[in-house]
Amino acid sequence: MQKTKIATETMMQPKGSSAGLQGKWELFTKDVKRDKHLYVLLAPYVVLFLMFTVLPVAISIFFSFTNFNMLEAPRWVGWENYSKLLWNDDVFLIGLKNTMIFAVITGPVSYIACFVFAWLINELNSKVRAIMTLVFFAPSISGNVFFIWQIIFSGDSYGIMNGLLMKIGIIYEPILWLQNPKYMLAIIIVVQLWLSLGTSFLAFIAGLQTVDRTLYEAGAVDGVRNRWQELWFITLPSMRPQLMFGAVIQITSSLAVADVAMALAGFPSVQYGAHTVVTHLVDYGTIRFEMGYASAIATVLFVLMLGSNLAVQKLLKRVGE
């Protein structure tokens with residue numbers, strides 16, 4: 001009763017008034033006292049999250065405005081790192097272009113493919129569904145399994161792709177697939193798509209399993225006539241948390257491509273054909289130890305990821321409308 005009274009008084013107060021703020025604060029403290037055991041249980045996670053996620057991001061943003069080489073004290077340089085990054089660093093611009101190509105292609109394609117495969121496999125019986133889930137999820141948990149693509153696209157006649165094309169007469173000498181900028185970016189995109197059918201796919205399978213079946217019966221009564229309408233008006237709105245989780249995973253993996261590019265195309269790649277923002281970050285952060293400049297690169301990447309996630313979140317809110 002008292003909580004309702006405080007809430008009513010708070011709503012009646014004009015916005016920005018001290019009395020309104022005081023009422024909100026009283027309501028907040030009352031909720032904290034009532035649910036203090038929940039806050040105690042959340043405290044270890046919150047502390048770890050602040051220490052190992054929020055604090056490092058804040059420190060990185062601070063260092064991005066300094067000249068810091070890990071041997072001397074950071075020296076404040078303001079926007080100099082960002083100015084150099086965006087106007088004088090041609091290699092970064094190449095990496096940014098390649099990263100955006102990766103993100104635009106691998107992000108949406110792998111996201112849609114994960115959902116389509118999950119939707120189809122979800123209709124199978126439980127044993128077949130378990131086997132197919134393992135088949136699709138296996139590449140993402142198999143470590144450096146992408147090295148098999150080095151065998152497929154090996155630059156000599158023993159490579160599977162070269163051997164096949166030479167056998168059927170399309171080419172007459174081996175192609176250096178992973179050393180030619182004309183091919184390496186497309187190959188790495190294919191490999192990344194193959195690897196990306198993992199975590200998001202598993203989340204979508206889980207989400208499809210939790211959809212209440214009675215909603216389909218209610219939808220049929222309300223005028224839902226086919227599977228596409230069921231998908232848009234019932235299935236997708238019922239699994240918005242899984243859709244958002246999958247979007248975050250796909251955005252992060254598509255913008256943070258590095259290991260596959262460095263392993264298959266080398267580091268640095270020929271004419272920077274497979275260079276990305278993260279490989280540029282690795283160059284300045286772990287080889288040159290220019291931590292201020294590396295922090296600026298990381299901050300730009302963080303802004304790209306944050307902006308993409310916010311845009312996707314707005315799009316997902318329209319699902320089912």
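Only this structure's heavy atoms are used, side chains among them; waters, hydrogens and symmetry mates stay out. For reference, positions follow the sequence shown, starting with 1. No experiment lies behind these values; they were computed from the predicted model shown.
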Neighbour count above 12 (heavy atom, 6.0 Å) for Glu173 CD: no
Side-chain donor-acceptor contacts of residues 175-194 below 3.5 Å, not counting sequence neighbours, with atom names and distances?
residue	atom	partner	partner atom	Å
Trp177	NE1	Asn162	OD1	2.9
Asn180	OD1	Lys182	N	2.9

Co-membership, hydrophobic cluster, residues Ile170 and Met161, 4.5 Å side-chain: yes
Residues clustering with Leu50 (ILVMFWY side chains joined when closer than 4.5 Å, directly or via others): Leu42, Tyr45, Val46, Phe49, Val54
Spacing of Leu316 atom CG and Lys314 atom NZ [to the nearest 0.5 Å]: 13.0 Å
Separation of Leu27 CG from Lys24 NZ (nearest 0.5 Å): 10.0 Å
Could you give the side-chain donor-acceptor pairs of residues 73-85 under 3.5 Å, partners two or more places apart or in another chain?
residue	atom	partner	partner atom	Å
Asn81	ND2	Ser64	O	2.9
Asn81	ND2	Thr66	O	2.8
Tyr82	OH	Ser64	OG	2.6

With Thr214 via side chain to side chain donor-acceptor pair (under 3.5 Å) - residues at least two apart: Asp212
From CZ (Phe115) to CG (Leu231), nearest 0.5 Å: 4.5 Å
Identify every side-chain donor-acceptor pair in residues 289-312 under 3.5 Å, counting partners at least two apart or on other chains, and give the distances.
residue	atom	partner	partner atom	Å
Tyr293	OH	Asp89	OD2	2.6
Ser295	OG	Met291	O	2.7
Thr299	OG1	Ser295	O	2.8
Ser308	OG	Leu304	O	2.8
Asn309	ND2	Met305	O	2.9

Heavy-atom side-chain contact between Val91 and His280 under 4.5 Å: yes
Euclidean distance, Asp31 CG relative to Lys36 NZ, rounded to 0.5 Å: 12.5 Å
Derivation of the side chain to side chain contact (heavy atoms under 4.5 Å, CB included) call for Leu208 and Met239: CA-CA 7 Å; Leu208 290 167; Met239 51 183 297; 3.7 Å; yes
Co-membership, hydrophobic cluster, residues Met70 and Leu281, 4.5 Å side-chain: yes
Met100 with Ile94, same ILVMFWY side-chain cluster at under 4.5 Å: no
Same cluster (ILVMFWY, side-chain, under 4.5 Å), Tyr158 and Leu165: no
Listing, residues 253-274 side-chain donor-acceptor contacts under 3.5 Å, not counting sequence neighbours, or none:
residue	atom	partner	partner atom	Å
Ser253	OG	Ile249	O	3.0
Ser253	OG	Gln250	O	3.1
Ser254	OG	Gln250	O	2.9
Ser254	OG	Ile251	O	3.0
Ser269	OG	Gly273	N	3.3
Ser269	OG	Ala274	N	3.0

Minimal non-hydrogen separation, Tyr172 against Gly169, with atom names: OH-O, 3.5 Å
Phe92 side chain reached by Leu86 side chain, heavy atoms, under 4.5 Å: yes
Met244 with Ile112, same ILVMFWY side-chain cluster at under 4.5 Å: no
Heavy-atom closest contact (Trp119 atom, Glu123 atom, distance): O-CG, 3.5 Å
Minimum heavy-atom distance Ser154-Gly159, with the two atoms named: CB-CA, 3.6 Å
CD1 on Ile131 to CG on Leu124, rounded to 0.5 Å: 10.5 Å
Of Phe201, Phe245, Phe204, the residue whose pairing with Tyr111 passes ring pair (Phe, Tyr, Trp, His ring centres under 6.0 Å): Phe204
Approximate separation, where rounding is to 0.5 Å, of Ser200 OG and Ile205 CD1: 12.0 Å
